[in-house]
Each structure stands twice: as structure tokens, then as C-alpha cells.
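To start, the structure under review is shown below, and the notes come after it.
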Number of protein chains: 4
Amino acid sequence: MTPRTTEQFEQMRSESKSKIMAAALELFTKQGFDTTPISMISKKAGVSTGLMYNYFSSKDQLLEEMIHEALEMSKKGLAEISEIDDPFVQIERFVNKTIYGMRKRQTIFMSKLILLIQVKPNPSPEMVLLLKEYNLNAYNTLENIFEKMELENPELEARLLTAILSGFRLQYFLFKNDFQFDEMYELVMERYTDI
Amino acid sequence: MTPRTTEQFEQMRSESKSKIMAAALELFTKQGFDTTPISMISKKAGVSTGLMYNYFSSKDQLLEEMIHEALEMSKKGLAEISEIDDPFVQIERFVNKTIYGMRKRQTIFMSKLILLIQVKPNPSPEMVLLLKEYNLNAYNTLENIFEKMELENPELEARLLTAILSGFRLQYFLFKNDFQFDEMYELVMERYTDI
Amino acid sequence: MTPRTTEQFEQMRSESKSKIMAAALELFTKQGFDTTPISMISKKAGVSTGLMYNYFSSKDQLLEEMIHEALEMSKKGLAEISEIDDPFVQIERFVNKTIYGMRKRQTIFMSKLILLIQVKPNPSPEMVLLLKEYNLNAYNTLENIFEKMELENPELEARLLTAILSGFRLQYFLFKNDFQFDEMYELVMERYTDI
Amino acid sequence: MTPRTTEQFEQMRSESKSKIMAAALELFTKQGFDTTPISMISKKAGVSTGLMYNYFSSKDQLLEEMIHEALEMSKKGLAEISEIDDPFVQIERFVNKTIYGMRKRQTIFMSKLILLIQVKPNPSPEMVLLLKEYNLNAYNTLENIFEKMELENPELEARLLTAILSGFRLQYFLFKNDFQFDEMYELVMERYTDI
DNA sequence: CATGAATGAGATTTCATTCAT
DNA sequence: AATGAATGAAATCTCATTCAT
């Protein structure tokens, strides 16, 4: 959720590798995985086509590594939320970041990427596992918050909020700038601050 | 000697077309659009590869026609709901149908298909329009119901419910049978029956 | 050279056959042989695709028959010229008909068709023979005329005039309406009336 | 280990491109454009099928580039003629080159190629323009010569000579070795040396 | 005679991947 | 670590031809 990409990528050993991944991220999310040729990625990254195979064994493996990266980044975002004490602030921060973050380039990339796997043909079991694990992690984080808030059924509440936010994301993808950020934010928060 | 009658030809055409569309539906949703070759569709449909082009001018156009059909079906479902008088029954029926219907083979196909376009690279403007139109139609239906229920902000409520349900669908795709249908149903309905 | 098509075609046994040939003539000359599908011919002719194979064993054979037809027609034109007594009138009539006839739809068709074989891949030996025979026939007719006119070398004169006129046809194809009919006509005739 | 230098790559590219164009020239002129598959070209050129698309964006574009090259060569021939002083020598050289050059393999290819476009269905506007431009260029060159020779109507004379020569080419294509080169040469030159 | 749905071979084109340097 | 020419399998699409009626 929290895009701290620059730092992330800079930690990578090779400059070229990070350039390739950055180019691929942008292209895959803008044009789709199957419809983006390697040659286009390498061109955008400013390296040769063959070089990709020094870092990734195949196009599929490149995607897998990107997914991994994206989920790691999102986990960091969750971890940040966890460190806050007040559960109301936590939830406020989480919802805020998620909804208003939807229009951020980086976030769009990430979430499209994640959507991508869900409709991907035969996603590798590892990827599905990664994704499930990430979701469960998110559920747990939210569950803990809702427990502190003493909501009746923290587990279900976690699933509900997750559903709402990913549903909103789909709406945003379809309606783009017609999506009513403020209203949606208020509507969601109402449930937790209502008294 | 005598040529077939117009009716006979019509019959043949409609049968072949259906076979092709059914095969494509299953394959596209299982394996994705770009990763399903025409040859695989025709093989599954039990016809020759070239025949597809008697009915659809391209693979893209085949998809478009499938989306169209899927949305028509969904619209019918909405129309049925509209005819009910009691708004609580309406909403109950709608949520019930949507949540418990998620497991249905046909529904899975359709909704994956629709998800497909949202992630599709360069979806044709016609498809996007179709999809937007369908969504607005759904919003309106729900808005009317919420008005009758005298909720504070019917429009936003419509968007919220839509978001929740499509969010659940994503969860279902990921967690399959671990998805807790009954609990989710109760959780959603609570918002409307709560007194 | 003389288009007496209508009569010609009406002599054919079957109405459908003539419709097919007429449609093919127009399409082949407008769009080329390889780039005109049978289906397009039959559509234009208003008959079914399969019907073509009642009359012609293949697409190639259809072309062959058309060439034959075209050459027959041209021969008739030559025969008409032969019947005239005065050689000056003969040549005048021949050149006039050829040059001013170039813009006639029917003639354009015919001559493009004939050009077509000369660039056609592996034209059947029969077609080449037909074409040679026709050319020799034309040479002979002109040769006879030039003999009567007491030109020095009637045979070569015949080849020269033929070359000029087919060269003009190429110019006409390229420059269309910018081709100067009157000037060209005068220029050619000068050679024979010059005294 | 060290990548090839730019020059090495340039060398490789230019060699491959030449091989492809040479093979295409021979095949297109022998068998026609539509009836020569890419696979046949690449086989003859001794390269893989896909390689063609590294150098030409399509089969049509390959043809276009070949036409361009052919016309450039012809233009060079015209330029050489232009540099001669004596108009009688100029015309002698031009006619000689054209008539006796007709037998040359290379020339046959080129002129069939050019004929090809004139009969080609929907030739690209660029190609037609190229061809027109080339013809006008040839007309001008001849016109200048005829002016120096003080012929009555230099422009028409240019068109006439062009027509004769292209007409002869057609005759040569049909009659091959039966074409009477010497006689035709004399016959044409008579017009200009005739005192 | 006539129909047009169906076939399937073959054409063009794309692109992940390899490899010599 | 890097280059990009070359490969060739595979995808989409076209169309002459067949055939049941």
C-alpha cells in the first residue's frame, strides 16, 4: 500500500535489473502481460533484449518477482499501520491511504498487477500462495484493530472492509475521475466512528 | 438435390455459434483471453478453426459479443428484482442471489469475463461503454430501492453495496470454498434490516 | 478490341454462368486475381459460392475461360477491320478504336486481364499459346493492311504499331485522365497519312 | 564476451537485408507478388522466416522498398544519358540500352516488378506517386533531347518513344527469344536519324 | 441446378528465447 | 554484464473447395 519504491529498488543489487522491473511494471499494468513484448520492456528500460535473461529466467519469472515485490511493499504499509496505537487512527489512516492512494500511479500499477493474477491463466501455485498469505496478513492486521475497537465480529469486519475497498478499486478503474473519493471515504468511515 | 431451407440453415448457424461461444466462455474464464488460441476453442467446440470466422469477424469481436450476452443476462436479473414491491425483499433477494450465486459455474464465467475487460489492455471503447452502462443501470436499480427504504444517501448506498459484493467476488475467487457465504450474507444484510 | 459483350454473353447457355463471368471480369480487373475471393464474385453475381463449381472446375479455370472470351472478342474486332477495303480507313479505324476505346470500362477490363497473364505466376501453357496466337493474328491483320499501303516493311510496321498502342495503354493506366488522347492519336496517324 | 561493435552489427544487417531483397526480387518477378509466400523468400535467402520482419514491417513494405530501389537504378541510367552532349548520340544510347538491355536478367526483374504495380490491386499511393514521378523524369530527359534535335513536338515525341519501348518490352515478355532485337532497334532509330 | 455451412491447408505476422561476440 | 541479430514455434486469419441437402 505504501509506495516506497525508490528505496526498495535502490536496494537491489543491479541498476539494470531495477530498470527492467520498473519498465515492466509500467507496461504490464498499462497494457497487460501477454500483450507486452520483452523487446518493449527492454527498450523502455534502455537495455538490450538479451540482458533480461541475465536477471530473469523467463518472462513469467519476471512477473512472479514483480508480484513478490509488490506484496512486500504492501506488507510494509500494513506494518506501519500496526505500529499506531489508537485503533480509530489506525483505521482512519488505512482507509484514507487506500482510497486516496488509488489514484496514485504506483498504486494503480500494483493493484492492477494483483488483479492480473486473479484472472491469469494457470497462475503458479506459488503466486496464489503469496497472494493468499498477503490477504490473510491484511485480514489479521485489520482484525486486531477491530478487536481493539471492540467490534462484535472482528474477523468478518476485516473481510468486509477489505471487500469494500477492493470493490471501490474496481469502480475507480471503470469510472476513473468520476469516482467520488470524498463521499466514499466518509461513507466507509461512518461505520467505525458512528456513535 | 433440393437445397436446405432458410430455416434449416438458420438452425445450423445458431447451433454452431452457440457451440463456439460456450467453448470460448469456458476457456476464456479458465485460461484468459490472450492465452486461449482459436484452435483450442474450435477443438473444444468440435468445429473447424476457420468456422469461427463465419460467425465472428475476429477473436476480439467474439469476446465483445460474449460480454454483451453476459451483461444482458445480468440485466434480466436486475429487471426481475425491480418488479418486486417491498424494498427489503428486493434487497434481500438481490444480495442473496449475488452472494450464493457466486458459486454457480455460469456466474463464475460471466463475472470473470467482466473482470477480464477491466484488466484488459486497450479494451475497445464499445466494451467499456457497455460495462459502464450496465453498472449505471445496476446503481439506478439499487438507488430506487434505497430511496423506498428511505436511507439517507441512496446513491452512495448503491455504490457501497455494489463495491461490497464485487469485493466479495474477488475474495471468493481467491479463497474458493473457504469463503464464508452465510456469514458474509448476514453481515451485509445487517446494514439494511438493522432496527 | 470491339466490345460486343452483351451479345456474346447472351449466347452463353446459362444465365448464371454469364453472371459469374461478368462479376469476375469486373473484380479481377479492379482488384487483381489473387486478391479476389470466389465468395466476392458469387456475391456480386448474386449466386451461391458453390454454384461456381458447376460451371468451372476451379478459380484458375474461370480465369482461363475469361481470357479466351476476351481474345475471341478482340478477334471479332480485328475481323471487322479486315472487311474494310481502303487500308487508310482500316488503319484509321483501328487506331481510333484502340486509343479512344482505352477509356471504355469494358476495354480496360479486357486489357488489364491480358496484362494480368503476362505477369501471372506460371501461366498455363495454353494461355500463353492463346495469347501468342492472338498477337500473331493481330500482326497479320496489320501486316496485310501495311502491304496494301505499300510500306517498306509491313511485318515490322505491324509490330511497331502494336507496341505503340500497348505502350500507350500502360501510360493511360498510370496517368488516367491526364493522358492526351487527341494528341496521341494525331501523332500515331501522322506516320501513315504523311505525304 | 565483448558485444559486437556497431560496425559489425551494421554489416550483419546489411548483408541479411540484401539477401532477402535479392531473393524476393527473383521470386516476385518469376512468380508474382501474391503467389510468393514469405517462407519461400526466406528459404531462398537462407534465413529464417521471422527475420524478414526485422527489416521490413510487412510484405507490402518489402515490395515498396524494392520498387524504390529499381526506380533509383533507372534514374541513374537516365542521368548518365543526360550528361552526353550530342542529342543523336543520347537517343542512340538510350534506345540501345533499353532494347538490348531487355534481355538482362536484372532488367527483366526490374521491369516486371514495375509492371507488377500497374496491375496490382490497390497499389499504395506512395508507389503510384513514385512511379509517376519516375515516368515524368524520363519524359523530361527525352523532351530535352528532342528539343535539342529540334523536333516539332518534343513532349509528344518523348511520350511516343516511351510507349514504343515499353510496348516492345511486353512483346519481348511474350515472345522471348523470337523478339527481333536488331530489326526493332533499326526501326525505332529510323525516326530520329532519318534525313 | 442451386445453396451456403463447413473444412483445413496455408499465409502473414509476432515474439520469447538463444547465442556469438 | 551486455548486445542485438537470428531463430522458429505458434497465433490469427483467409479462402478455395467440398458436400449434404
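Keep in mind that what you see is a predicted model, and the values were worked out from it rather than measured. Every chain is numbered from 1, with letters handed out A, B, ... down the list of sequences.
At the phosphate of F:dA1, neither OP1 nor OP2 sits under 4.0 Å from any side-chain N or O atom of A:Ser16.
Rounding to whole angstrom units, CD1 of residue B:Ile41 and P of F:dA11 are separated by 11 Å. Taking atom CE of residue A:Met40 and atom P of nucleotide F:dG4, one finds them 17 Å apart after rounding to whole Å. Here the P atom of nucleotide F:dC13 and the CD atom of B:Gln61 are 11 Å apart, to the nearest Å. Taking atom CG of residue A:Leu27 and atom P of nucleotide E:dA16, one finds them 12 Å apart after rounding to whole Å. Between the CD atom of D:Gln11 and the P atom of E:dT21 there is a distance of 14 Å, given to the nearest Å. When rounded to the nearest whole Å, the span between NZ of D:Lys43 and C1' of E:dG10 equals 15 Å. Distance, D:Glu7 CD to E:dT21 C1': 14 Å, rounded to whole Å. Taking atom CD1 of D:Ile20 as the reference point, atom C1' of F:dA6 lies 10 Å away to the nearest angstrom.
B:Ser57 pairs by the side-chain hydrogen bond (donor to acceptor under 3.5 Å, both in side chains) definition with B:Gln61, not counting sequence neighbours. For D:Glu69, there are no salt bridge (Lys or Arg N to Asp or Glu O under 4.0 Å) partners, not counting sequence neighbours. Taking the side-chain contact (heavy atoms from CB on, under 4.5 Å) definition, one finds that A:Lys59 meets it with A:Phe28, A:Phe33, A:Ile38, sequence neighbours left out. In terms of the side-chain contact (heavy atoms from CB on, under 4.5 Å) criterion, residue partners of A:Lys44 (sequence neighbours excluded) are, by chain and number, A:Ala23, A:Glu26, A:Leu27. Residues satisfying the side-chain contact (heavy atoms from CB on, under 4.5 Å) criterion with C:Ile108, sequence neighbours excluded, are C:Lys112, C:Tyr172, C:Phe173. Checked against salt bridge (Lys or Arg N to Asp or Glu O under 4.0 Å), B:Glu15 has no partners two or more places apart in sequence or in another chain. Scanning for side-chain contact (heavy atoms from CB on, under 4.5 Å) contacts around D:Ser39 gives D:Pro37, D:Thr49, with sequence neighbours left out.
The shortest heavy-atom contact between C:Ala24 and C:Leu62 is CB-CD2, 3.9 Å.
Between D:Glu10 and D:Arg4, no side-chain nitrogen of the basic residue sits less than 4.0 Å from a carboxylate oxygen of the acidic one, so the salt-bridge criterion is not met.
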#### Entry: Intra- and inter-strand pairs of DNA chain E in dot-bracket (Watson-Crick or G-U wobble, both distances under 3.5 Å; | for another strand)
.||||||||||||||||||||
### Message
At under 4.0 Å between heavy atoms, how does the protein contact nucleotides 15-20 of chain F? Give one character per nucleotide, 5' to 3', with B, S or -.
### Response
SSBB-B
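At the heavy-atom level, B:Tyr55 lies under 4.0 Å from the strands shown only through sugar-phosphate atoms. Heavy atoms of A:Ser42 sit nowhere under 4.0 angstrom from any nucleic acid atom.
The nucleotide whose nearest atom lies closest to any side-chain atom of D:Ser48 is, among F:dG8, F:dG4, E:dT7, F:dG8.
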